[in-house]
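From a predicted model like this one, the values you see are computed outputs, not experimental measurements.
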Amino acid sequence: MPNLPDVVLWSIPAFVLLTVLEVISVRIHPDDDAAGYEAKDAATSVGMGLGSLVLDFLWKIPIVAIYTTVHELTPLRVPVLWWTIPLMLLAQDFVSYWSHRGHHVIRILWACHVVHHSSRKFNLTTALRQPWTTWTVWPFYVPLIALGVHPAALAFCSSVNLVYQFWIHTERIGKLPRAFEFVFNTPSHHRVHHASQGGYLDRNFGGILIVWDRLFGSFVEETERPVYGLTKNIDTYNPLRVATHEYVSIAKDLKLAGSWGERAGRVFRSPGWGPAATEKQSAVATETVA
């Protein structure tokens, strides 16, 4: 097994220090237009982060077993060397882009990821607002394991990706030099991703690199100030409700659904899908053709 460092564990002191500095910065030089901090919201985000550490450990038990089995069955092997680690990071970031994008456009996956978007604030504590049901993520990475990437190497790359994304959850940093903004994910790009207004929805899915969004048509530049949160916000600071509210909504929709086709749509189509909306879109399309 590769002997790789626990990047998240080593980064915790930096997380705490940067958050404290951001809070001080907001207090000393407040921006009236910025979302800023709210004590209850920040506490909820931290609580979600702590809860995710515990539950992620439990989820990882069966996931590691699956990854290990796949790795033992495949004849391929990617050695952990100084020059293969950057390649594995690149591959992990590519898969992360599609996993992230999938978690925005398929409702049962969105039910997991919506937790991270549920705050109406955007600061470094928002980065800690992590879901408790990350069992929806692991299937995206099975191909990397099948190609010979060791599960421990994948965990290392995923941790690097997660740690990188911490610092981009801030309004205290404007736009960076153009060359950096073109290649890497930045606070400006990620503010767009967390915005709830129409032109910004479901954009900028990149983890470390923003080039995937540029290549696959999901990039939008920050032009107007984002409005953070969901299109239908939840008014709660209860971590359990934050973690499960979309699953509850899915269950209610399934109970009221009139057919198996509608039930499947409520689970596997986009988060805003509904039969009425579909019929309305079809009628508009018919009128346009006519």
Side-chain angles (χ1 to χ4, degrees), residues 1-12 15 48-117 127-166 185 205-209 211-213 215-216 243-244 246-247 267-268:
M1 179 181 293
N3 186 20
L4 295 166
D6 188 332
V7 181
V8 174
L9 182 63
W10 282 98
S11 300
I12 289 175
F15 291 170
M48 296 303 299
L50 293 173
S52 74
L53 291 176
V54 176
L55 291 166
D56 274 357
F57 177 78
L58 297 177
W59 290 122
K60 282 176 182 176
I61 295 173
I63 292 170
V64 168
I66 294 170
Y67 281 173
T68 301
T69 301
V70 173
H71 189 259
E72 288 178 352
L73 291 174
T74 181
L76 303 175
R77 288 293 181 270
V78 177
V80 179
L81 303 171
W82 67 268
W83 61 272
T84 60
I85 290 177
L87 294 177
M88 287 189 285
L89 282 168
L90 184 66
Q92 189 278 333
D93 196 57
F94 175 74
V95 175
S96 173
Y97 167 84
W98 289 108
S99 172
H100 194 177
R101 189 166 180 168
H103 277 73
H104 273 254
V105 299
I106 299 173
R107 191 181 182 192
I108 191 63
L109 303 186
W110 174 244
C112 164
H113 186 62
V114 67
V115 169
H116 186 59
H117 287 263
L128 305 177
R129 187 176 285 229
Q130 296 295 320
W132 292 358
T133 54
T134 51
W135 52 269
T136 60
V137 175
W138 70 267
F140 288 89
Y141 294 96
V142 170
L144 289 184
I145 302 296
L147 288 172
V149 175
H150 193 281
L154 175 61
F156 170 78
C157 294
S158 298
S159 297
V160 171
N161 200 310
L162 185 65
V163 168
Y164 177 90
Q165 291 184 62
F166 176 78
N185 199 5
F205 300 108
I208 296 175
L209 301 177
V211 291
W212 310 125
D213 291 280
L215 286 171
F216 300 112
T244 61
E246 184 63 14
Y247 293 107
V267 175
F268 298 110

Parallel, tilted or perpendicular: ring planes of Phe94 versus Phe216, cut at 30 and 60 degrees: tilted
Straight-line distance of Ile63 CD1 to Thr134 OG1, nearest 0.5 Å: 6.0 Å
Distance-only side-chain donor-acceptor flag, Ser158 / Tyr141, under 3.5 Å: no
From CA spacing to verdict: side-chain contact (heavy atoms from CB on, under 4.5 Å), Trp110, His104: CA-CA 5 Å; Trp110 174 244; His104 273 254; 3.7 Å; yes
Val137 versus Ser99, closest heavy-atom pair with distance: CG1-OG, 3.9 Å
Flag, side chain of Ser11 to backbone of Val7, donor-acceptor distance under 3.5 Å: yes
Scan the side chains in residues 80-91 for donor-acceptor partners under 3.5 Å anywhere in the protein, sequence neighbours excluded, and list what turns up.
unit_1: Thr84; atom_1: OG1; unit_2: Pro79; atom_2: O; d: 2.5
unit_1: Thr84; atom_1: OG1; unit_2: Leu81; atom_2: N; d: 2.8
unit_1: Thr84; atom_1: OG1; unit_2: Leu81; atom_2: O; d: 3.1

Straight-line distance of Tyr97 OH to Asp213 CG, nearest 0.5 Å: 4.5 Å
Closest approach of Val163 to Phe15 (non-hydrogen atoms, all atoms of both residues): CG2-CZ, 4.1 Å
Shortest non-hydrogen contact from Met48 toward Ala243: CE-CB, 3.8 Å
Nearest heavy atoms of Cys112 and Thr133, plus distance in Å: SG-O, 3.3 Å
Close side-chain approach of Tyr67 and Val142, heavy atoms under 4.5 Å: yes
Distance (rounded to the nearest 0.5 Å) between His113 NE2 and Gln130 CD: 8.5 Å
Inter-residue atom distance Phe205.CZ - Ser96.OG, 0.5 Å rounding: 11.5 Å
Side chain to side chain contact (heavy atoms under 4.5 Å, CB included) partners for Leu76, two or more places apart: Thr74, Leu147
Side-chain heavy atoms of Trp132 within contact of Asp56, under 4.5 Å: no
Sidechain-backbone polar pair: Asp93 side chain, Ile208 backbone, donor-acceptor under 3.5 Å: yes
Distance-only donor-acceptor check, side chains His71 and His150, under 3.5 Å: no
Spacing of Phe268 atom CZ and Ile106 atom CD1 [to the nearest 0.5 Å]: 9.0 Å
Shortest non-hydrogen contact from Pro2 toward Ala152: CD-CB, 4.1 Å
Aromatic contact, His103 with His117 (centres under 6.0 Å): no
Trp98 atom CH2, over 12 foreign heavy atoms within 6.0 Å: yes
Gap separating the CZ atom of Phe166 from the CG atom of Leu162, nearest 0.5 angstrom: 10.5 Å
Parallel, tilted or perpendicular: ring planes of Trp135 versus Trp59, cut at 30 and 60 degrees: tilted
